[in-house]
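Note that the coordinates shown come from a computational prediction; the quantities given were computed from them, not determined experimentally. Atoms within a ligand are numbered from 1 in the order they appear, just like the ligands themselves. Quick note: residue numbers are just sequence positions, from 1. Worth knowing before you read on, the calculation uses all heavy atoms, side chains too, and leaves out hydrogens, waters and symmetry mates.
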Amino acid sequence: MSKFIFVTGGVVSSLGKGITVASLGMLLKSRGLKVSVLKLDPYLNMDPGTMSPLQHGEVFVTEDGGQCDLDLGHYERFIDTNLTKKCNVSTGQIYWSILSQERKGQFNGGTVQVIPHVTNAIKTRILSVAEDSGADVILVEIGGTVGDIEGLPFFEAIRQMRIDVGADSCLYIHVTLIPYIAAAQELKTKPTQHSVKELRSIGIRPDVIVCRSEQEVTEDLRAKIALFCDIDEEAVIPNTDVGSIYEVPLCFAESRLDEIVLEKLKLKAAPANLGEWNDLVASIKGLSRSVKVGIVGKYVSLPDSYLSVAESLRHAGFAKGTHVELRWIEAEDLEKGSDQCLEGLDGILVPGGFGSRGVEGKIMAARYARENKIPFFGISLGMQCAVIELARNVAKLQGAGSVEFGDCEHPVISFRPGHPEVTGLGGSMRLGAYPCLVQEGTLSMEAYQEAQIQERHRHRYELNREYLDSLIDAGVRVAGVSPDGQLIEIIELKDHPWFVGTLFQPEFKSRPTNPHPLFVHFIEAILKSC
Ligand code: GLN
């Protein structure tokens, strides 16, 4: 029987609840427990697949093709476990399933209500992840902050779970902000008190409070929070800003968060084995070199839009003792005619994306990298832009483009044969992990050292094989194909220090303790050439 830890947030959003959940999950796993995680998102969308990354950050793709909240990326990276699409629940999904049942007459004429129907559906989703994963501990993060109207059914569902599974199998952690008021030169606990009051008013009494703050939360403050919020003093866990998110689990271990959680859940586990994580943090603190990588995209005003790419670059840097300084470059700025913003970069990465805005700028970035022999990594749309660039400027196919952006003379990027017709957004994409055969004598083979790999996809369009010969004549090397040989998964450029484009998105599989081979190879190439 699984135990459940529910993590809620108060005071403000963006407190790093996801990192708290991921860090605690990592600590529990290091003690030999099997851990799984769910994120409950109270918004009405079915999933973030059709939401703008500028509003919601990146869409994280799971092995089974779920288009999920970016927090699932944190969970996978910290806990080093693959999650599934079932691990991300939205209000939209819950209502969709209830209304489909209702249309089929499955409520036998009864009135369909938030309590019990919506709350039951939420609990069923949580319990089904527990059952599928067989985990000892299920961590459940509730998106948003306590008091949000749309979050209420989720809070009610997790309140009921304490009765359903028993008090010893349920634990509530509330993450709050302790703001520093400069004028008073003081950290203030009042917002936390109010937010805990709000939580209690809906029937949830937190067992642990995690206090996010810029400054050290002193013993006195912890005692005050404990008193006013009616919890044990040791269960007030400080979470002060640290240099790297990967330090957070170690800070929690120091505050005994894992011990406290286990005691409260009456769970026995081995002592934490933090050797690998200590080494990771030591390597992050000891980075001795530095390289500059430009990320050319259209959502760069919100770097969370490319969170997994940024983390993957950092992971590869950690493995190579190198700080990877990220330069965020707005693709449309390049279109204004100056490539000044690319000057001085040691490497260029064009990540995935959708739609035509900024595409010409991304194509210019690929050209700049090719001509100046700067290591270049094109991912999904980034790979497609590199192909268009090579087609136009090397293969001399004037008017080469992608059918995604309308009709063009040479659709070098197009639908694959037999692709379902696009009807609206959301459907018709190739999603999740697919195998790819890595070809001998390529940079990719040097990186992977494996003939068959599995990578995660999220795209509709492919390299059009009709143009393959022209592209090969222009210097392209096919470095990865689908097992039936039909789909070109990886391209490389001959006579260039490192120019690789992948149709898949390798960033979803990089872990700090196990960085992705292509990202490591990219950073190695950068180090060699600078
Ligand atoms: N828009 C492109 C496609 O659908 C690329 C998608 C992506 O970059 N993930 O094929």
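Aromatic rings of H315 and F519 (six-membered ring for Trp) have centroids beyond the 6.0 Å cut-off, not under it.
The number of heavy atoms from other shown groups lying within 6.0 Å of CD (E102) is above 12.
For residues 37-58, the set of pairs meeting the ring pair (Phe, Tyr, Trp, His ring centres under 6.0 Å) definition, not counting sequence neighbours, comprises Y43-H56.
Checked against ring-ring contact (aromatic ring centres under 6.0 Å, His included), F60 has the following partners two or more places apart in sequence or in another chain: F508. Scanning for ring-ring contact (aromatic ring centres under 6.0 Å, His included) contacts around Y75 gives an empty result, with sequence neighbours left out.
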Ligand 1: protein N/O within less than 3.5 Å of ligand N/O:
{"from": "ligand 1", "atom 1": "1 (N)", "to": "G353", "atom 2": "O", "distance (Å)": "3.0"}
{"from": "ligand 1", "atom 1": "1 (N)", "to": "E404", "atom 2": "OE1", "distance (Å)": "2.7"}
{"from": "ligand 1", "atom 1": "1 (N)", "to": "E404", "atom 2": "OE2", "distance (Å)": "3.0"}
{"from": "ligand 1", "atom 1": "4 (O)", "to": "R460", "atom 2": "N", "distance (Å)": "3.0"}
{"from": "ligand 1", "atom 1": "8 (O)", "to": "G353", "atom 2": "N", "distance (Å)": "2.8"}
{"from": "ligand 1", "atom 1": "8 (O)", "to": "G353", "atom 2": "O", "distance (Å)": "3.3"}
{"from": "ligand 1", "atom 1": "8 (O)", "to": "S380", "atom 2": "OG", "distance (Å)": "3.1"}
{"from": "ligand 1", "atom 1": "8 (O)", "to": "L381", "atom 2": "N", "distance (Å)": "2.9"}
{"from": "ligand 1", "atom 1": "9 (N)", "to": "S380", "atom 2": "OG", "distance (Å)": "3.2"}
{"from": "ligand 1", "atom 1": "9 (N)", "to": "R458", "atom 2": "O", "distance (Å)": "2.8"}
{"from": "ligand 1", "atom 1": "9 (N)", "to": "Q505", "atom 2": "OE1", "distance (Å)": "3.2"}
{"from": "ligand 1", "atom 1": "10 (O)", "to": "Q384", "atom 2": "NE2", "distance (Å)": "3.1"}
{"from": "ligand 1", "atom 1": "10 (O)", "to": "R460", "atom 2": "N", "distance (Å)": "3.0"}
{"from": "ligand 1", "atom 1": "10 (O)", "to": "Y461", "atom 2": "N", "distance (Å)": "2.9"}

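The residues K85 and D64 are annotated as not salt-bridged, no charged nitrogen and carboxylate oxygen being separated by less than 4.0 angstrom.
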